[in-house]
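Working notes for the structure below.
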Amino acid sequence: MHPYRTHTCAELRQDHVDQSVKLSGWIHRKRDHGGVLFIDLRDTHGLTQCVVDEGSPLLAQFENIRTESVVTVTGTVRTRPGETQNANMPTGDIELYIEALDVQGAAEVIPFQVAEDDGVGEEMRLKYRYLDLRREKMQKNIRLRNDVIFEMRKRMRAQDFQEFQTPILTASSPEGARDYLVPSRLHAGKFYALPQAPQQFKQMLMVSGFDKYFQIAPCFRDEDGRADRLAEFYQLDIEMSFVTQEDVFNTIQPVIEGIFEQFNDFTGTPHKIEWGEHIRYEDAMLKYGSDKPDLRNPLEIVDVTEVFARDDVEFKAFKGTIEKGGVVRAIRAPKVSDQSRKFFDKLNSWAQSEGAPGLGYVVFKDGEGAGPIAKFIPAAAQEELKKISGAEEGDAVFFICNKEKPAAKFAGLARDAICSALPEGHEAAREKGVFKFAWIIDFPMYERDEHTGEVDFSHNPFSMPQGGMDDLENKDPEAIYAFQYDAICNGFELCSGAIRNHKADIMEKAFSIAGYDKSVLEDKFGGMLNAFQYGAPPHGGCAFGIDRIIMLLADEPNLREVYAFVMNGQYEDQMMSAPSDITPEQLKDLHIKLDMPKAKIKEQAA
RNA sequence: GCGGGCGUAGCUCAGCUGGUUAGAGCGCCGCCCUGUCACGGCGGAGGUCGCGAGUUCAAAUCUCGUCGCUCGCGCCA
C-alpha cells in the first residue's frame with residue numbers, strides 16, 4: 001500500500017465498501033462522543049468522515065491531536081448506518097473505520113478557525129496565509145484563478161497566439177506610475193526597474209515578426225494601493241500585427257466572453273454576459289461621468305446648463321458657477337416621487353460627505369415641481385428640464401453644478417449613489433445577474449493640466465493618433481483622438497489597449513507636443529525607436545487585468561481574495577516580513593548609502 | 001500627503017450619558033457522553049482595554065497626541 005494514500009478525501013463511495021484504504025489530510029473537525037470519535041478528514045478535494053470505534057486503542061491518541069494536524073489513516077470503508085448517511089456530503093454514504101494512525105504533522109493551537117468563517121480580520125489572515133488558504137472559500141477562489149488562466153492560455157493558443165516571457169529586470173520609464181527599482185551591483189549607481197507592463201518588449205516582438213503575442217504578464221507599480229490595486233499583479237497581455245482596432249476587439253472579445261460564460265455561475269448565481277455598443281470616451285464622461293461606467297445602472301446624466309442659464313431661472317448658486325464657465329449636469333431618477341424624505345436627505349448627506357454643498361433636486365409630482373430648489377425654477381424652465389432629461393410626472397431630477405471636469409466626475413459618483421439608494425426591485429435599481437461589458441473608444445491623445453496649463457499624454461504615449469501626422473501638425477492637441485481603448489465591465493476597467501504608433505517620425509512629433517525633447521525619447525525609448533527604423537509593422541493590442549476578471553467572477557470586493565500570497569494595503573508582507581532591512585554588506589555591495597527621513601531614524605533608535 | 005472607520009481574551013465582538021472583581025460566542029485545557037456531521041453537557045484557564053499624556057475622588061468609557069489596520073481621495077500613461 002502507498003505510504004500516504006490510496007484515495008483522496010473526496011473519492012470514496014459505496015463501491016469501495018469493505019476495501020482497505022489509506023487517506024491523508026488535515027483534521028477538519030473532531031466530534032468526540034466518549035466511546036466513538038468522528039474525524040472529518042480534509043484534503044483539497046473534499047471531506048471524508050472517519051470513525052474511531054469504541055474500544056479502539058487509537059482513541060486516546062486521537063484525543064491528543066488537534067484539528068488542522070496532518071494525519072494518515074488506514075482502515076476499512078463501511079456503509080454508514082441508515083439514518084446517519086449525510087446527503088450533503090459527496091462521501092456521505094460511507095465512512096472509514098480507522099485501524100492505524102500516522103501523525104505526519106501535528107498542529108499547534110491555530111490562531112483562527114479554518115473549518116468555519118469566524119470573521120477573522122485580514123491582518124491575521126495574511127500573516128497566516130497558509131492557514132487562510134486552507135479554507136474552503138480560498139481553495140475555491142484559487143482554483144478558479146488557476147482555471148481562468150488555463151482557459152486563457154488554451155483560448156489564446158487556439159487562435160494561434162504564441163506565449164512569451166519578457167524580462168523582469170528592465171529599464172525605468174519616465175511615463176506613468178512609479179517604478180520599483182532594483183540596484184545594480186555590477187554597475188555602481190545604476191538601477192533596473194521592474195516592468196509596469198511589458199509594453200516595449202511586446203511591441204518589439206511585433207517588429208521581430210511574431211504576429212500574435214500573449215503573456216500572462218507580471219506587472220509592478222509603486223503607487224498607493226486600493227481594494228482593486230496592488231503593487232504586483234497579472235495581465236493577459238496581447239499584441240498583434242497588421243490589425244485595426246476592430247480586429248483587436250474581434251479577436252479578444254470572444255476569449256473574454258467565453259471565459260465569463262464558462263465561469264459565470266461560479267458564485268452559484270448564473271450571470272448573463274452582455275457586450276454593449278462601443279462608447280466614445282467623451283460620451284461616457286457626459287452620460288456616465290466615468291470612463292469605466294457600471295452599465296448595470298440604467299441612470300444617465302444630461303447637460304442642463306442652458307436651463308439654469310435662462311434669465312427666468314434665479315438659482316444664484318448655479319448661476320454664479322455657470323458665469324465662471326461651469327456646467328450643470330442632471331440625473332433623472334424615474335418613479336421616486338413616492339420615496340420618503342429620508343431617501344432624498346440621505347443622498348444629500350452623501351453629497352456633503354463627498355465634499356459637495358449638497359445634491360439639489362426637483363421632484364415632479366401632482367403636476368408641478370417640488371423640492372428645495374424648485375421655487376427658483378419657473379414652470380417654463382421646468383418644462384425644458386423635463387424635455388432634456390426625459391423626466392415625467394413621478395420622477396426626480398438631481399443636479400450637479402461645477403466646472404466641467406469635476407461636475408462630470410461628481411455626476412458619475414452621484415449616478416451610482418442614486419442607483420444604490422433605490423430600493424430592491426425598483427425599475428432603475430442596479431441590474432443583477434449580469435456582466436455588462438463595453439469598449440470605451442476614442443480616448444483623447446492629450447490633456448491639459450489644469451494647474452500648469454501644459455499638455456501631456458492623457459493615456460498611453462505609444463498610441464497612434466487617429467489622424468496620424470496630419471492631426472498632430474494641424475489640430476489643437478486636445479482635439480486629437482488616439483486609437484486607444486478600454487474594455488469595461490460592471491464598473492471596472494478590465495482592459496486597456498491601443499493601436500500603436502509604429503512610425504518613428506510620428507512618435508517624435510507626438511512626444512514633442514507633450515513637451516518631451518527628442519533626446520528624452522531617444523534616451524528612454526531608444527530601443528524601441530531604433531527598432532522602428534528597421535521595418536516595423538502596424539500593430540496594436542491590449543492587456544486584461546486577470547485579477548479583476550477573477551474578482552468579478554468570484555464576486556469578491558477585494559483583490560486580495562483571489563491571490564494565494566499577497567501584501568497588505570501598505571504593501572507589506574507580514575508573513576515573509578517584506579520589505580525588510582538588509583545588511584550593511586549588502587548595501588556596500590550595491591554602492592548604496594541610506595538617507596533616511598528623520599522620523600524613521602528616531603523611531604528606529606527608540 | 002489627506003480624510004472616514006476600527007483597535008477590549010488566541011479569534012469575532014458587547015461594554016449606554018465615567019462608578020464594585022471588564023463580559024459573551026467560538027477556540028483552548030480538564031471531566032462526562034456509542035452515531036455525530038457547526039455533536040451535546042459540566043467545569044476551568046486566559047485581559048497592560050493598541051501606546052503615551054491629560055481631566056477627575058474615580059477612565060475601557062471624556063480630551064489631546066501617537067502607532068497600527070482598513071476603506072477612500074490624491075496618485076495609478
Side-chain angles (χ1 to χ4, degrees), chain A residues 28-41 47-56 59 63-64 66-68 78 80-89 91-92 95 97 107-128 131-132 173-179 196-197 199 219-231 233 353-355 406 409-410 413 443-447 456-463 482 484 486 493 496-498 510-511 514 516 524-525 543 545 557-558 560 568-570 572 574 599 602-603 606:
Chain A
H28 188 66
R29 280 203 173 89
K30 279 201 304 190
R31 290 179 294 281
D32 186 351
H33 289 258
V36 65
L37 172 67
F38 297 101
I39 304 278
D40 288 337
L41 197 66
L47 289 172
T48 299
Q49 173 163 290
C50 305
V51 185
V52 187
D53 206 7
E54 196 194 5
S56 167
L59 215 51
E63 274 169 5
N64 293 321
R66 290 195 193 86
T67 53
E68 293 309 314
R78 299 212 187 141
R80 292 203 201 181
E83 282 138 43
T84 67
Q85 296 193 350
N86 188 341
N88 299 321
M89 277 173 86
T91 61
E95 57 196 357
Y97 271 68
E108 293 294 324
V109 175
I110 46 178
F112 54 84
Q113 297 310 295
V114 169
E116 55 200 286
D117 181 9
D118 60 359
V120 61
E122 194 171 77
E123 202 178 350
M124 273 287 163
R125 294 176 53 204
L126 292 181
K127 185 169 177 188
Y128 299 94
L131 290 180
D132 186 42
S173 129
E175 278 295 308
R178 281 189 204 93
D179 288 314
Q196 295 179 30
Q199 183 65 33
C219 304
F220 306 88
R221 292 180 191 174
D222 186 8
E223 296 291 346
D224 288 7
R226 290 287 184 278
D228 64 345
R229 239 164 56 192
L230 284 174
F233 57 97
S353 75
E354 292 287 325
K409 194 173 170 190
F410 190 65
L413 295 176
F443 277 81
M445 186 84 190
Y446 300 101
E447 65 188 358
D456 202 351
F457 292 111
S458 70
H459 280 80
N460 188 324
F462 307 118
S463 301
Q484 162 90 36
D486 284 358
E493 178 193 315
S496 195
F511 271 77
Y516 296 98
K524 294 298 177 185
F525 305 113
N558 191 311
R560 294 189 276 268
N568 69 11
Q570 272 72 243
E572 292 165 313
Q574 302 278 8
K602 244 166 87 182
E603 185 186 304

Counting only Watson-Crick pairs (N1-N3 plus N6-O4 or O6-N4) and G-U wobbles (N1-O2, O6-N3), all under 3.5 Å, who is the partner of [N]?
{"N": "G7(B)", "answer": "C67(B)"}
{"N": "C73(B)", "answer": "G1(B)"}
{"N": "C16(B)", "answer": "none"}

Taking the [atom1] atom in each of [N] and [M], what is the distance between them to the nearest angstrom?
{"N": "G41(B)", "M": "C33(B)", "atom1": "P", "answer": "16 Å"}
{"N": "C64(B)", "M": "G3(B)", "atom1": "P", "answer": "14 Å"}
{"N": "C73(B)", "M": "C57(B)", "atom1": "C1'", "answer": "46 Å"}
{"N": "A60(B)", "M": "U20(B)", "atom1": "P", "answer": "11 Å"}
{"N": "C71(B)", "M": "U8(B)", "atom1": "C1'", "answer": "23 Å"}
{"N": "C28(B)", "M": "C69(B)", "atom1": "P", "answer": "29 Å"}
{"N": "A14(B)", "M": "G50(B)", "atom1": "P", "answer": "13 Å"}
{"N": "C11(B)", "M": "C37(B)", "atom1": "C1'", "answer": "23 Å"}

Please determine if a side-chain N or O atom of [X] lies less than 4.0 Å away from the OP1 or OP2 oxygen of [N].
{"X": "R226(A)", "N": "C75(B)", "result": "no"}
{"X": "Q570(A)", "N": "U70(B)", "result": "yes"}
{"X": "R29(A)", "N": "C26(B)", "result": "no"}
{"X": "R31(A)", "N": "U36(B)", "result": "no"}
{"X": "Q196(A)", "N": "C76(B)", "result": "no"}
{"X": "H33(A)", "N": "C39(B)", "result": "no"}
{"X": "K127(A)", "N": "G68(B)", "result": "no"}

Pairwise 5' ranking along RNA chain B for E95(A) and G119(A), keeping only the more 5' one: G119(A)
Closest-nucleotide ordering on RNA chain B, the 5'-leading residue of V51(A) and N64(A): N64(A)
Of the nucleotides [options], which has the atom closest to the [X] side chain?
{"X": "E572(A)", "options": "C28(B), G35(B), C69(B)", "result": "C69(B)"}
{"X": "Q113(A)", "options": "C26(B), C73(B), G35(B)", "result": "C26(B)"}
{"X": "D32(A)", "options": "C11(B), G27(B), C33(B)", "result": "C33(B)"}
{"X": "N568(A)", "options": "C28(B), C69(B), G72(B)", "result": "C69(B)"}
{"X": "Q49(A)", "options": "G10(B), G35(B), C28(B)", "result": "G35(B)"}
{"X": "D224(A)", "options": "G72(B), C37(B), G74(B)", "result": "G74(B)"}
{"X": "A177(A)", "options": "C76(B), G35(B), C71(B)", "result": "C76(B)"}
{"X": "T84(A)", "options": "C26(B), U70(B), G35(B)", "result": "G35(B)"}

Using whole Å, what does the distance between atom [atom2] of nucleotide [N] and atom [atom1] of [X] come to?
{"X": "M124(A)", "N": "C26(B)", "atom1": "CE", "atom2": "C1'", "result": "15 Å"}
{"X": "D179(A)", "N": "C76(B)", "atom1": "CG", "atom2": "C1'", "result": "12 Å"}
{"X": "F38(A)", "N": "G35(B)", "atom1": "CZ", "atom2": "C1'", "result": "4 Å"}
{"X": "L47(A)", "N": "A38(B)", "atom1": "CG", "atom2": "P", "result": "11 Å"}
{"X": "E122(A)", "N": "U12(B)", "atom1": "CD", "atom2": "P", "result": "12 Å"}
{"X": "E447(A)", "N": "C75(B)", "atom1": "CD", "atom2": "C1'", "result": "13 Å"}
{"X": "H28(A)", "N": "G27(B)", "atom1": "NE2", "atom2": "C1'", "result": "15 Å"}
{"X": "E223(A)", "N": "C75(B)", "atom1": "CD", "atom2": "P", "result": "10 Å"}

Tell me what [X] touches on the nucleic acid: a base, only sugar-phosphate, or nothing, going by heavy atoms under 4.0 Å.
{"X": "P111(A)", "result": "sugar-phosphate"}
{"X": "G92(A)", "result": "nothing"}
{"X": "F525(A)", "result": "nothing"}
{"X": "G34(A)", "result": "base"}
{"X": "S463(A)", "result": "nothing"}

Donor-acceptor pair present, [X] side chain and [N] base, under 3.5 Å:
{"X": "R66(A)", "N": "G27(B)", "result": "no"}
{"X": "E354(A)", "N": "G4(B)", "result": "no"}
{"X": "D40(A)", "N": "C37(B)", "result": "no"}
{"X": "D118(A)", "N": "G27(B)", "result": "no"}
{"X": "R221(A)", "N": "C75(B)", "result": "no"}
{"X": "R125(A)", "N": "C11(B)", "result": "no"}
{"X": "E123(A)", "N": "U70(B)", "result": "no"}

Tell me the closest heavy-atom pair linking [X] and [Y], and the distance in Å.
{"X": "E354(A)", "Y": "F410(A)", "value": "CB-CE1, 3.6 Å"}
{"X": "P557(A)", "Y": "A227(A)", "value": "O-CB, 3.9 Å"}
{"X": "Y446(A)", "Y": "A510(A)", "value": "OH-O, 2.7 Å"}
{"X": "I110(A)", "Y": "T67(A)", "value": "CD1-OG1, 4.4 Å"}

C11(B) pyrimidine/purine six-ring stacking with F112(A), under 5.5 Å and 30°: no
Heavy atoms from other residues, nucleotides or ligands near NZ of K30(A) exceed 12 (cutoff 6.0 Å): yes
Whether Y516(A) and F457(A) hold their rings parallel, tilted or perpendicular, with breakpoints at 30° and 60°: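 Ring orientation, 0 to 90° scale: parallel.
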Electrostatic pair D40(A)-R29(A), nearest N-O below 4.0 angstrom: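 Here D40(A) does not pair with R29(A) in a salt bridge, since their nearest N and O are not under 4.0 Å apart.
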NZ/NE/NH1/NH2 to OD/OE distance under 4.0 Å, R229(A) and E223(A): no
Residues D179(A) and Q196(A): side-chain donor-acceptor under 3.5 angstrom: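 Yes, Q196(A) and D179(A) have a side-chain donor paired with an acceptor closer than 3.5 Å.
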Donor-acceptor contact below 3.5 Å, side chain Q85(A) vs main chain R80(A):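 The answer is yes, because a donor-acceptor pair under 3.5 Å joins these two groups.
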